[in-house]
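The structure appears right after this line, and notes come after that.
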Amino acid sequence: MIDIRSLREDPDYLRQALRTRNVAEDVLDEILHLDESLRAELTRLNQLKAERNKVSAEVARMKAAGQNTEVTELLERAREISGLVKEGDAKIRQVEEHLKSRLLHIPNIPHSSVPRGESESDNVVRHTWGNPPTFDFDPLPHWELGPRSEMMDFERAAKLSGARFSILRGLLSTLSRALVNFMLELHVREHAYTEVSLPHLVKRETMLASGQLPKFEEELYNTRPDDLFLIPTAEVPLIAQHSDEILESSRLPLKYVSYTPCYRREAGSYGKDVRGMIRVHQFDKVELVWFTKPEESEAALERLTSDAEEVLRRLELPYRIVELCTADLGFASSRTYDLEVWLPSYGDYKEISSCSNTTDFQARRANIRYRDSNNKPAFVHALNGSGVAVGRALVAIVENFQREDGTIRIPDALIPFVGKEVVG
RNA sequence: GGAGAGAUGGCCGAGAGGUCGAAGGCGCACGCCUGGAGAGCGUGUGACGGGCACAACCCGUCCGUGGGUUCAAAUCCCACUCUCUCCGCCA
């Protein structure tokens, strides 16, 4: 959630900044208008309440003094004011709700350095690592190579659950588990993250905190009859675990890593990545989340991104870093680096991690604070990034390290976790 | 699913219609003491919103959430949510 005060104080800046994210300006105007009328009404009501409180105190004093006849008169006046207050309260509540619901639909403000853009084609490549492999045979896409050995099975997955699900069997399943362990070990032992095991089903308000709701409900799986949602990323519970808390300043930054499955409906992505396990309704991911002091979040984003990069380097996977332009930023993000891994089947780089600084946007929604140098509560900054998507990492290994006989070379860093040098 | 108990400030915990934003303790901040630290002593210390220069100050709101009764609610009534204990079931 954006800060209503920053909008009030510098509406032109916000108008301009949010224009690059395609926020309709009349929504901002409506918010400003609501805010203004709310404050006017609040001032009026506060005066009324002050009077009520005074009269009530007077009643108490008179009663104590035994002036019962005078009290009767006063009570009449008190009753009148009390009625007015009740009306005013109801009105305020209405306007407040209206305002809040508008505010919850406004995305975060882009950092000033974020490149302006109209679409994802305006994203900027910041850095490239490694070289795409060359093959002296025709490499296969994973959706052909995998099913040959039954280690990857889309037909039976469809039988169970429909389109966009996958089954891994045998050594590919082992490979997936090895990837999870490899990533967790790296982040816990070398990057000093705290590992967390989390609920995968969360309440509606939990989704509100990280920004998935109210705007993106059609992207989520919801369960009946309890109205619990399946998490689309571990970011959701990792962020919300600290909602309504004041974090110990001396313990910041908090760095969490968590492995979870992720569930996404992928509504509106018909026709996109229809083959294989690039875009499926359920996939595994290792997620990184930081809580920092505001002044440290920019450096933290660089650090977090390089922690995610380290995964790809150790796996010897060619990748590049892309900075998202204003049009492509996620709802909660002020600045995002995507890591894209080389996929021979696409002949292109494909997103495998997305690292974002959400500044105080999620912290404000979730009410997560710390005590600043004046010992005053202030919102922390929250960052998140994949470290990395397990399914896509598996695909990248299968495709990049495949050999003519259909076997797959396991990168050195992973051998201890897989227990084999070759799979297939 | 059945029975019961509870939800108060950063934390613990009093409080049972009016002067309670709320005793006391812990924690924290500052000061005294000390060669230094600790202990001890003293003082201070809630959040949020509005007015306003995000100062001082003033006003309002907040004791799980939402309603109600009342001139007045942490305190009374109703509903809901969550937590804990016991029983049943169960990986």
Side-chain angles (χ1 to χ4, degrees), chain A residues 1-11 13-14 31-101 103 197 199-209 225-229 237 240-252 254 291 293-295 360 363-380:
Chain A
M1 197 158 63
I2 61 165
D3 184 3
I4 182 73
R5 267 173 299 196
S6 64
L7 175 63
R8 195 186 293 156
E9 277 158 27
D10 197 352
Y13 174 72
L14 280 228
I31 288 173
L32 280 169
H33 174 74
L34 284 169
D35 177 53
E36 201 175 317
S37 61
L38 179 69
R39 273 154 52 228
E41 182 63 20
L42 211 53
T43 303
R44 200 182 66 83
L45 185 65
N46 276 349
Q47 286 166 353
L48 208 55
K49 283 184 173 175
E51 191 179 348
R52 179 195 61 185
N53 292 347
K54 239 177 252 174
V55 172
S56 277
E58 184 70 7
V59 169
R61 191 141 25 85
M62 285 177 139
K63 280 206 168 170
Q67 299 167 292
N68 289 321
T69 43
E70 293 90 326
V71 164
T72 318
E73 279 174 46
L74 204 54
L75 282 185
E76 210 154 308
R77 171 77 185 130
R79 236 186 302 269
E80 190 187 330
I81 298 175
S82 191
L84 290 173
V85 166
K86 219 158 263 186
E87 279 173 39
D89 267 334
K91 193 167 162 193
I92 292 264
R93 212 170 320 129
Q94 209 180 354
V95 179
E96 246 168 3
E97 251 170 59
H98 198 179
L99 179 62
K100 181 105 188 267
S101 76
L103 231 34
S197 297
H200 303 170
L201 289 162
V202 300
K203 293 187 283 190
R204 188 168 277 278
E205 61 189 272
T206 304
M207 287 291 181
L208 203 73
D226 298 311
D227 199 34
L228 291 173
F229 291 86
Q241 63 179 329
H242 287 305
S243 59
D244 295 316
E245 290 182 23
I246 296 180
L247 304 175
E248 199 66 55
S249 305
S250 60
R251 293 184 55 203
L252 295 177
L254 293 177
F291 293 98
K293 296 176 185 174
E295 63 272 22
D360 60 357
R364 181 170 284 108
R365 282 179 170 239
N367 191 28
I368 305 172
R369 297 174 294 172
Y370 76 112
R371 290 191 183 276
D372 65 18
S373 51
N374 297 319
N375 215 32
K376 282 282 174 199
F379 291 114
V380 297

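Convention: sequence-line order gives letters A, B, ...; per-chain numbering from 1. Values below: every heavy atom of this structure, side chains too, minus hydrogens, waters and symmetry copies.
A 3.5 Å limit on both hydrogen-bonding distances identifies no Watson-Crick or G-U partner for B/A53. Nucleotide B/C26 has B/G10 as its partner under the Watson-Crick or G-U criteria, with both atom distances under 3.5 Å. Across all strands shown, B/G31 pairs with B/C41; the Watson-Crick or G-U wobble distances both stay below 3.5 Å. Of all nucleotides present, only B/A47 satisfies the Watson-Crick or G-U wobble test against B/U61, with each distance under 3.5 Å. As the counterpart of B/A91, no nucleotide is assigned, since no Watson-Crick or G-U wobble pattern has both distances under 3.5 Å. With a 3.5 Å ceiling on both atom-pair distances, B/A72 lacks any Watson-Crick or G-U wobble partner. With a 3.5 Å ceiling on both atom-pair distances, the Watson-Crick or G-U wobble partner of B/A3 is B/U85. In this entry B/C20 has no Watson-Crick or G-U wobble partner, no candidate having both defining distances under 3.5 Å.
When the P atom is used for both B/A74 and B/G67, the distance is 15 Å, rounded to whole Å. Comparing B/G13 with B/G24, their C1' atoms are spaced 8 Å from each other, to the whole Å. Between B/G10 and B/U45, the two P atoms lie 15 Å apart (nearest whole Å).
For the pair A/Arg77 and A/Glu51, the minimum side-chain heavy-atom distance is below 4.5 Å.
At most 12 heavy atoms of other shown residues, nucleotides or ligands fall within 6.0 angstrom of atom NZ in A/Lys91.
Put simply, A/Ser82 has a side-chain N or O that comes within less than 4.0 Å of OP1 or OP2 on B/A72. Applying the 4.0 Å criterion to OP1 and OP2 of B/G50, one finds that A/Arg44 has every side-chain N and O outside that range. An OP1 or OP2 oxygen of B/C82 is reached within less than 4.0 angstrom by no side-chain nitrogen or oxygen of A/Lys203. A sub-4.0 Å separation between OP1 or OP2 of B/G50 and a side-chain N or O of A/Arg8 is present. When the side-chain nitrogen and oxygen atoms of A/Arg369 are compared with OP1 and OP2 of B/C48, one or more of them lie within a distance under 4.0 Å. Residue A/Arg79 places at least one side-chain N or O closer than 4.0 Å to OP1 or OP2 of B/C71.
Side chain of A/Arg371, nearest nucleotide from B/C71, B/A47, B/G49: B/A47.
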How does protein contact run along nucleotides 61-68 of chain B, one letter per nucleotide 5' to 3', with B for base contact, S for sugar-phosphate only, - for none, heavy atoms under 4.0 Å?
-> S-----S-
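Using a 4.0 Å heavy-atom criterion, one finds that A/Lys376 contacts the sugar-phosphate atoms exclusively. At a threshold of 4.0 angstrom between heavy atoms, the contacts of A/Arg5 are confined to the sugar-phosphate backbone, with no base atom among them. Contact annotation for A/Ala60: base contact, defined as any heavy-atom pair under 4.0 Å involving a base atom. When heavy atoms are screened at a 4.0 angstrom cut-off, A/Leu75 is found touching base atoms of the nucleic acid. Residue contacts shown for A/Val59 include a base, since a base heavy atom lies under 4.0 Å away.
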